[in-house]
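A, B, ... follow the sequence lines: proteins, then strands. Residue 1 opens every chain. Note that this is a predicted model, so its numbers are computed, not measured.
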Number of protein chains: 2
Amino acid sequence: MPRVKKQQRQQILLDQVHEKPFLTDEELARALQVSVQTIRLDRLELGIPELRERIRRMAESAQDKLKSVERKEEVVGELIDLEPGHSGISLMRITEDMVYAKSQIAKGHYMFSQANSLASAVIDVPMAVTGVANVKYKVPVHMGEKLVAKAEIIHVRGNKYFVWVKTRNDREEVFRAKFIMVAWEAC
Amino acid sequence: MPRVKKQQRQQILLDQVHEKPFLTDEELARALQVSVQTIRLDRLELGIPELRERIRRMAESAQDKLKSVERKEEVVGELIDLEPGHSGISLMRITEDMVYAKSQIAKGHYMFSQANSLASAVIDVPMAVTGVANVKYKVPVHMGEKLVAKAEIIHVRGNKYFVWVKTRNDREEVFRAKFIMVAWEAC
DNA sequence: ATAAGTATTAGTACCTGCTACTACAACCAA
DNA sequence: TTGGTTGTAGTAGCAGGTACTAATACTTAT
């Protein structure tokens with residue numbers, strides 16, 4: 001890499017640090033063919049923190065994000081009322097990562113996931129799998145909306161449970177689903 | 001916190017470091033009411049690296065995990081063939097975090113999500129939302145299985161696209177879905 | 001009770017990756 | 001030529017350690 005003007009160098013520095021945050025000043029100095037002091041001055045001007053600080057911040061923010069992801073994986077939505085074997089209510093807020101970037105409309109499978117995991121929660125058996133789902137999306141759901149899903153078992157035949165789930169935002173019904181859940185014997 | 005025996009102290013140390021990895025030796029020493037040297041000896045015995053090393057490892061692993069999560073969020077499954085406006089094939093491997101811990105059977109909404117995002121990929125429009133879904137789970141899917149979903153547009157009426165998705169593992173059909181996707185005008 | 005062994009504390013030299021500062025040289029532009 | 005920008009060099013000091021030596025306190029076995 002040849003030596004370049006200050007402005008250009010600082011731009012490269014920004015890029016480098018953004019791409020590989022684990023580089024020390026010494027390594028950066030070698031990469032940009034300048035002295036360590038120059039790198040330090042550049043960092044000072046650009047407000048780039050030192051290596052350890054960069055790593056610390058990454059670790060912190062990444063930890064937070066991971067935690068929220070883990071929470072999300074478990075049960076989709078928050079169970080706020082449950083009468084096992086009868087009915088249940090779950091609440092879910094549409095966050096940024098659930099919508100299409102362009103349209104800000106929620107991806108369909110989040111509503112499905114909320115309804116499906118609620119359905120498997122209300123039927124009062126140790127294990128169950130989904131057999132059939134009949135789903136209707138009535139109106140598009142946008143970022144920031146709070147969805148309340150209500151599930152009700154309407155019929156049981158043998159090991160099959162017929163569950164209806166209706167999901168509303170604060171104004172209207174946005175989604176409805178009919179599931180047939182199959183209770184599963186431990187092998 | 002009162003002083004305790006070595007064994008117990010080391011157990012507490014492990015817990016503390018696990019819970020709050022950002023504690024320095026000095027802070028740990030204060031918390032456990034022993035000298036900094038004792039903490040260092042304990043860390044040595046237990047193979048706990050120093051603060052900076054702990055943070056570095058967190059940052060690294062968290063970054064990797066976040067990347068894989070992000071990849072997962074985008075499109076569920078891997079698009080391996082796509083004829084826009086006509087058909088498409090997607091592949092998904094069932095991993096540990098997709099199954100119920102007890103039964104090792106995949107949660108239904110992963111198959112749904114794969115099918116749904118494939119369906120929205122095959123219809124060749126800038127934006128689309130799911131209108132109706134009709135889903136049948138034929139056999140339970142277990143951890144480690146590779147699922148191949150094939151989608152086909154069978155009918156178009158106005159801005160409504162009728163898409164069938166059939167999903168197989170290496171032996172049989174495990175899932176099938178019929179979607180009505182609605183093309184969405186930019187507002 | 002006393003010796004042997006374990007657990008703990010104290011202190012020193014050294015390391016990395018810096019910050020903060022001073023001093024000075026090189027360049028380029030008016 | 002003069003002056004401002006730009007780049008280098010070097011020093012002192014810091015955090016959070018490692019690695020090591022030495023000394024003290026506490027237990028336990030005999």
Taking N and O atoms by type only, does the side chain of Arg52(B) place a donor or acceptor under 3.5 Å from a partner on the base of dG17(D)? no
Atom NZ of Lys5(B) to atom C1' of dT8(C): distance rounded to whole Å? 15 Å
How would you list, by chain and number, every residue that makes a salt bridge (Lys or Arg N to Asp or Glu O under 4.0 Å) with Lys6(A), sequence neighbours excluded? Glu45(A)
At under 4.0 Å between heavy atoms, which parts of nucleotides 19-30 of chain C does protein reach? Answer with one letter per nucleotide, 5' to 3': B base, S sugar-phosphate only, - none. B-----------
CG of Asp42(A) versus P of dC18(C): gap in Å, rounded? 14 Å
With sequence neighbours left out, the residues meeting side chain to side chain contact (heavy atoms under 4.5 Å, CB included) with Lys136(A) are Lys138(A), Arg176(A), Val132(B)
Kindly state each residue pair satisfying salt bridge (charged side-chain N to carboxylate O under 4.0 Å, His left out) with at least one member in residues 114-130 of chain A, sequence neighbours excluded. none
Do any side-chain nitrogens or oxygens of Arg9(B) fall under 4.0 Å of OP1 or OP2 in dA7(C)? no
Let me know the distance between CZ of Phe22(B) and P of dG16(D), rounded to the nearest Å. 13 Å
To the nearest Å, how far apart are Leu32(A) CG and dT8(D) C1'? 16 Å
Which nucleotide, dA7(C), dG7(D), dT9(C), lies nearest any side-chain atom of Lys6(B)? dA7(C)
So, using side chain to side chain contact (heavy atoms under 4.5 Å, CB included) as the criterion, who are the partners of Glu152(B) when residues are at least two apart? Ser87(B)
Minimum-distance nucleotide to Ser35(A) side chain [options: dA9(D), dT8(C), dC18(C)]: dA9(D)
Output the rounded distance in Å from CD (Glu27(A)) to P (dT16(C)). 13 Å
Under the side chain to side chain contact (heavy atoms under 4.5 Å, CB included) rule, collect the residues that match up with Arg57(B), sequence neighbours excluded. Pro49(B), Glu53(B)
Rounded to whole angstroms, how far apart are CD on Glu53(B) and C1' on dG17(D)? 12 Å
Value in whole Å for how far the P atom of dG17(D) lies from CD of Glu26(B): 9 Å
Is the phosphate of dT8(D), meaning OP1 or OP2, less than 4.0 Å from a side-chain N or O of Thr38(A)? yes
Go through Ser35(B) and Thr38(B) one step at a time and tell me if the side-chain hydrogen bond (donor to acceptor under 3.5 Å, both in side chains) criterion holds. CA-CA 5 Å; Ser35(B) 70; Thr38(B) 302; 3.0 Å; yes
Stepwise, does the salt bridge (charged side-chain N to carboxylate O under 4.0 Å, His left out) test hold for Lys146(A) with Asp170(A)? CA-CA 7 Å; Lys146(A) 260 194 313 198; Asp170(A) 52 355; over 6 Å; no
